[in-house]
Amino acid sequence: MPELPEVEATRRHLAPVLMGASIARVEVRRARMVRRQERPADLPERLVGRAITRVGRRGKFVLIDLSGDFVWILHLGMSGRIALADPDEPEAAHTNVVVALHGGPEVRFVDPRTFGFTAVYTPEEYAASSLARLGPDALDELPRAPALARALAGRSAPIKPLLLDQRVVAGIGNIYADEMLWRARLHPARPGGSLDRDEVSRLRAAVRPVLEAGLRHGGTSLDDLAYLLPDGRAGEYLSRLRAYGREDLPCRRCRNPIRRTVLRQRSTFFCPECQR
DNA sequence: ACCTCCCTGGCC
DNA sequence: GGCCAGGGAGGT
């Protein structure tokens, strides 16, 4: 599932190839993939001829700066991936958008479920978009415990959906949220505002190690292989998960069975013994 | 602040 | 054949 580690792996894969390149040609095969820009049909003309000056990331968004102050945005949704391939290589199924670079490979946006999207923004459009309301990046800008405590203070919503709220902290998705709460020994249904100082510190301390472990192991590909690395391989982090997907399996800390519940329509896995 | 919806492949 | 997975926007 593309959450922060998978998106960061994608960014690292793209950056060396895209930096300094310029865009030759754009093909949008599924119009639905271009969303959240006022006139989606403008995407090709906004991209063609522009040079790439930076390949960044904020939360789950890949942000590609272009000449002329445009920014090209990629969001992988839940089944998207970016493949770099020479034009004569065969295409994967569900190659929905192709962006060819001058004298270089094609950037192929493959996404069976089309929850991912792409757009090109002017600075004004960016400022008016939901991207401008993203919280601090969970890896690069993680707030210290006191600031995190302030963000959670007075919140009656369960801590897990708060972790998934991209305005609080950007980049955490359903799998890694469960892993962080397991590591911090916090029950996912605890109201955000009920966490004491020590608990907020534990949670804060769990964020980066979980994301970095995901990154080290190439991210998490579930059994449906909806998510793959840019080169088509499966991420290896699945086998190291402590909570997510482990219903009825022994907790790796206390050996009691992991339980599954649904919180805000999302599968939630936790150890009822050691997460309180 | 909550629920519904979008979409498709894989599984039962 | 029907259900499930889920990020994020939109509606209530």
Side-chain angles (χ1 to χ4, degrees), chain A residues 1-8 10 28-38 40 57-63 73-82 92-97 109-119 121 125-126 128-135 137-138 151-181 188-194 211 214 219-228 232 234-235 237-238 241 243-248 260-269:
Chain A
M1 222 56 63
E3 304 181 22
L4 189 153
E6 294 79 12
V7 176
E8 175 61 13
T10 300
V28 177
R29 276 78 171 279
R30 287 202 64 172
R32 177 181 144 76
M33 292 296 290
V34 183
R35 295 201 294 279
R36 302 202 218 169
Q37 77 176 57
E38 203 174 327
R57 180 191 57 75
R58 178 102 181 252
K60 303 175 196 173
F61 292 84
V62 178
L63 304 175
I73 287 147
L74 301 169
H75 192 293
L76 302 179
M78 67 173 288
S79 59
R81 72 175 208 267
I82 306 294
H94 308 290
T95 299
N96 297 336
V97 180
F109 194 160
V110 180
D111 186 2
R113 295 180 200 176
T114 68
F115 275 30
F117 75 94
T118 187
Y121 286 157
E125 289 165 345
Y126 185 97
S129 76
S130 67
L131 276 81
R133 294 186 286 281
L134 286 176
D137 185 77
L152 300 178
R155 304 291 299 261
S156 58
I159 185 63
K160 170 158 180 196
L162 290 173
L163 280 179
L164 296 177
D165 185 341
Q166 304 297 300
R167 295 165 300 185
V168 175
V169 169
I172 301 170
N174 199 44
I175 295 173
Y176 293 97
D178 280 1
E179 296 304 295
M180 290 168 189
L181 290 167
R190 285 277 302 280
S194 76
L211 295 175
T220 307
S221 293
L222 301 184
D223 292 335
D224 65 3
L225 296 183
Y227 167 76
L228 294 171
Y237 194 57
L238 175 66
L241 295 176
Y244 185 88
R246 291 181 48 80
E247 184 176 20
D248 296 334
R260 175 183 181 276
T261 62
V262 175
L263 218 42
R264 296 280 207 282
Q265 329 294 108
R266 294 287 176 260
S267 275
T268 298
F269 300 87

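Residue numbering restarts at 1 for every chain, and letters A, B, ... go by the order of the sequence lines. Quick caveat: nothing in here was measured; it's all calculated off a predicted structure.
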If you look at every strand shown and take non-hydrogen atoms under 4.0 Å, does [X] touch a base, only sugar-phosphate, or nothing?
{"X": "A/S267", "answer": "sugar-phosphate"}
{"X": "A/R133", "answer": "nothing"}
{"X": "A/Q166", "answer": "sugar-phosphate"}

Using a cut-off of less than 4.0 Å, is there contact between a side-chain N or O of [X] and OP1 or OP2 of [N]?
{"X": "A/S79", "N": "C/dA5", "result": "no"}
{"X": "A/R260", "N": "C/dA5", "result": "yes"}
{"X": "A/R35", "N": "B/dC7", "result": "no"}
{"X": "A/Y244", "N": "C/dG6", "result": "yes"}
{"X": "A/H75", "N": "C/dG8", "result": "yes"}
{"X": "A/S130", "N": "C/dA9", "result": "yes"}
{"X": "A/H94", "N": "B/dG9", "result": "yes"}

Roughly how many Å is it from [atom1] in [X] to [atom2] in [N], rounded to a whole number?
{"X": "A/R264", "N": "C/dA5", "atom1": "CZ", "atom2": "C1'", "result": "19 Å"}
{"X": "A/L162", "N": "B/dC2", "atom1": "CG", "atom2": "C1'", "result": "13 Å"}
{"X": "A/M78", "N": "C/dA9", "atom1": "CE", "atom2": "C1'", "result": "17 Å"}
{"X": "A/R36", "N": "C/dG10", "atom1": "CZ", "atom2": "P", "result": "8 Å"}
{"X": "A/D111", "N": "C/dA5", "atom1": "CG", "atom2": "P", "result": "19 Å"}
{"X": "A/F269", "N": "C/dA5", "atom1": "CZ", "atom2": "C1'", "result": "10 Å"}
{"X": "A/Q265", "N": "C/dC4", "atom1": "CD", "atom2": "P", "result": "12 Å"}
{"X": "A/D178", "N": "C/dG7", "atom1": "CG", "atom2": "C1'", "result": "15 Å"}

So is the aromatic ring of A/F115 stacked onto the base of C/dG6, judging by whether the centres are under 5.5 Å apart and the planes are under 30° apart?
yes
Assess whether side chain to side chain donor-acceptor pair (under 3.5 Å) is satisfied between A/Y121 and A/E38, documenting all intermediate values.
CA-CA 9 Å; A/Y121 286 157; A/E38 203 174 327; over 6 Å; no
Given B/dG9, C/dA9, C/dG8, identify the nucleotide with an atom nearest to the side chain of A/R266.
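Per side-chain heavy atoms of A/R266, the pick is C/dG8.
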Which of the following nucleotides, B/dT8, C/dG6, C/dG8, is nearest to the side chain of A/N174?
C/dG6
A/K160 bridged to A/D178 by N-O distance under 4.0 Å
yes
Approximate separation, where rounding is to 0.5 Å, of [X] [atom1] and [Y] [atom2]:
{"X": "A/I175", "Y": "A/M180", "atom1": "CD1", "atom2": "CE", "answer": "11.5 Å"}
{"X": "A/T95", "Y": "A/M33", "atom1": "OG1", "atom2": "CE", "answer": "10.0 Å"}
{"X": "A/E3", "Y": "A/E8", "atom1": "CD", "atom2": "CD", "answer": "14.0 Å"}

Residues A/R260 and A/T268: side-chain donor-acceptor under 3.5 angstrom:
no
Would you mind telling me which of A/L63, A/L4, A/T10 makes a side-chain contact (heavy atoms from CB on, under 4.5 Å) with A/R57?
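The side-chain contact (heavy atoms from CB on, under 4.5 Å) with A/R57 is passed solely by A/L4 among A/L63, A/L4, A/T10.
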No-H, no-angle donor-acceptor pair, A/R113 side chain to C/dA5 base, under 3.5 Å
yes
Work out how much the helix from B/dA1-C/dT12 to B/dC12-C/dG1 bends between its end axes, five pairs an end, to the nearest 10 degrees.
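What I find for the helix from B/dA1-C/dT12 to B/dC12-C/dG1 is an axis angle of 50°.
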Hey, is CZ on A/R35 packed in by over 12 heavy atoms from elsewhere, all under 6.0 Å?
yes
